[in-house]
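Worksheet: the structure to be examined is printed underneath.
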Amino acid sequence: MSPTVVNDDYCDCNDGSDEPGTGACGGQDATLFFCLNEGGSSERIYTSRVNDLVCDCCDGSDETTVRCPNTCAEEGAREREARRLRAEMLTEAINLRNQASQDGAASRVGWLAEIKQLESELPALQATHDAAQAAKMEAEEEKRKLDQAQKEEEEKTKAAEEAAKAAEEAGKAAEETGKAAEESAAPVETQEASEEALPGETESSKVSEYAQWMEGAEDSLSQKADSGAVKGDQDGKESKVSEYATWMEGAEDTLADEGHDGEDDVGEEGLDGLDGDEGEFELSSIASQAKSADAKEADPLDAIRETFKAAQTARNKNMEETRNIKKKVELIEGKEAYATLMDKTLERKIGEYTYKISFFNNAKQEYTALGNWEKWTGSDTALFDGGAQCWNGPKRSLEVTFECSIANEIIEVHEPSRCAYAASVGTPAACTDAELEGLLGPLPTKNPRFEL
Ligand code: MAN
């Protein structure tokens with residue numbers, strides 16, 4: 001191409017390279033107009049801005065037809081002051097970051113030591129747990145057996161009570177029979193057989209024993225009715241009858257008081273009438289009930305269970321602490337300066353909502369969950385997700401971008417799409433040495449912003 005086509009105010013090349021000094025090739029960003037801006041920051045601008053009658057460069061070099069005053073010295077001074085202030089803040093922030101980084105590293109060492117300690121304590125806690133668990137299982141098995149035995153005993157007692165009741169009824173029937181016999185003056189039978197049939201009175205033989213005895217008593221009563229002598233008989237059967245009657249009276253009271261459920265206390269009257277072997281039988285049943293009531297109050301198994309629970313809690317606590325500390329260690333791996341945010345909640349009201357971000361746990365918009373800490377997504381970005389379900393939308397989530405700042409603070413929160421939030425969080429941890437170095441050097445050349 002002939003050199004005459006350069007800056008002839010006619011665009012010959014698509015990349016605008018033939019018109020760097022005119023606006024003829026506007027609309028492309030491959031070739032930009034450069035203003036030196038002596039005393040200020042040099043700048044590249046779109047060629048469409050050249051000779052558009054608007055002063056863009058502080059030295060006025062982009063306009064040939066209008067006179068632009070040179071403002072570079074003032075602009076340069078303002079920029080240098082802004083950079084100086086930023087560098088000052090950054091120097092302080094970097095000191096804070098370095099301190100935080102050291103503290104984070106120290107915390108990490110401490111956490112690793114804690115993990116080691118916890119892990120060394122775990123085997124003993126586990127052993128105690130296992131022993132307590134075995135003791136509990138053994139005691140429970142023992143109790144199960146005892147309960148079973150007690151149940152059987154209770155069933156036996158119940159059966160005996162029922163038998164006694166039946167006996168009472170039979171007794172009444174016998175009395176009636178006796179009366180009838182008396183009335184009809186039936187022939188007297190011998191008593192020998194029934195006398196022989198009275199064995200030692202044991203609980204188990206009580207029913208049949210009673211039946212046998214009752215037969216004899218019946219006979220005896222008929223006989224006595226005949227002879228007119230009820231008292232003072234030498235063979236003692238009459239005393240047996242009255243003894244039974246006394247016992248029965250007591251037993252009746254006892255049963256009435258017990259209500260047959262074995263739960264209520266037995267009244268004194270229930271015990272008064274008890275006498276002899278039958279009495280002992282009832283007493284032992286009452287005693288066993290009382291015993292089981294006591295057992296309810298202070299079951300030794302409770303203590304064994306408590307011991308196990310305590311051992312389990314201690315073991316689980318150890319394991320949970322280890323897990324939590326390991327999480328912390330992982331979280332700040334390579335990001336030690338961010339340890340200052342650990343367990344810290346930053347809060348800021350933006351628009352109608354107060355946002356709360358708790359590191360590294362969860363984020364909230366008022367009481368609405370924006371999510372739980374999920375992970376780092378980059379060197380200075382992170383994600384909270386799984387928050388409250390958005391009506392007709394996704395679960396809420398929050399993306400955090402960390403920015404260099406002198407303090408830990410929420411700078412901004414917005415909602416780029418419904419229920420997907422983005423926060424900018426300032427922290428010294430995000431400050432870089434590179435930025436400070438840049439600020440301490442010469443003013444950089446400005447480039448156009450491409451968001452146009
Ligand atoms: C609430 C807030 C808003 C969100 C809507 C979605 O009003 O959480 O941020 O956009 O719910 O319904």
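In this chain, numbering begins with 1 at the start of the sequence shown. Because the structure is predicted, anything quoted here is derived from the model rather than measured. Just follow the structure's listing: the first ligand is 1, and inside any ligand the first atom is 1.
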request  = For Thr91 and Glu88, test the side chains for any donor-to-acceptor distance below 3.5 angstrom and give the result as yes or no.
outcome  =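 Note: Thr91 and Glu88 side chains miss the donor-acceptor criterion.
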request  = Could you name the option among His414, Glu415, Arg396 that has the heavy atom nearest to atom 10 (O) of ligand 1?
outcome  =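 Among His414, Glu415, Arg396, the closest heavy atom to atom 10 (O) of ligand 1 comes from Glu415.
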ask   = Passes disulfide bond (SG atoms under 2.5 Å apart), Cys13 versus Cys25? Steps please.
value = CA-CA 8 Å; Cys13 308; Cys25 288; over 6 Å; no
ask   = Does Ala30 offer a backbone N or O that forms a donor-acceptor pair with the side chain of Gln28 under 3.5 Å?
value =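 Yes, because the side chain of Gln28 sits within donor-acceptor range (under 3.5 Å) of the backbone of Ala30.
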ask   = So, is Thr368 polar-close to ligand 1, with some N/O to N/O distance under 3.5 Å?
value =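 The answer is no, given that Thr368 and ligand 1 share no N or O pair closer than 3.5 Å.
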ask   = Quick one: NZ on Lys327 to CZ on Arg323, what's the gap to the nearest 0.5 Å?
value =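 Here the interatomic distance stands at 8.0 Å.
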For [X], take its heavy atoms, then give the atoms of ligand 1 lying under 4.0 Å from any of them.
X: Cys419; result: 6 (C)
X: Arg418; result: 6 (C), 10 (O), 12 (O)
X: Tyr353; result: 1 (C), 2 (C), 3 (C), 7 (O)
X: Gln365; result: 2 (C), 3 (C), 8 (O), 9 (O)

key: Identity and distance of the protein heavy atom lying nearest atom 3 (C) of ligand 1   =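 Answer for atom 3 (C) of ligand 1: Tyr421 OH, 3.5 Å.
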ask   = Heavy-atom count around Lys349 NZ within 6.0 Å, excluding the residue itself: above 12?
value =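 Check passes, neighbour count above 12.
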request  = Describe, in one word, how the ring planes of Tyr338 and Trp376 are oriented to each other, choosing from parallel (under 30°), tilted (30 to 60°) and perpendicular (over 60°).
outcome  =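 The arrangement is perpendicular - the two ring planes meet at more than 60°.
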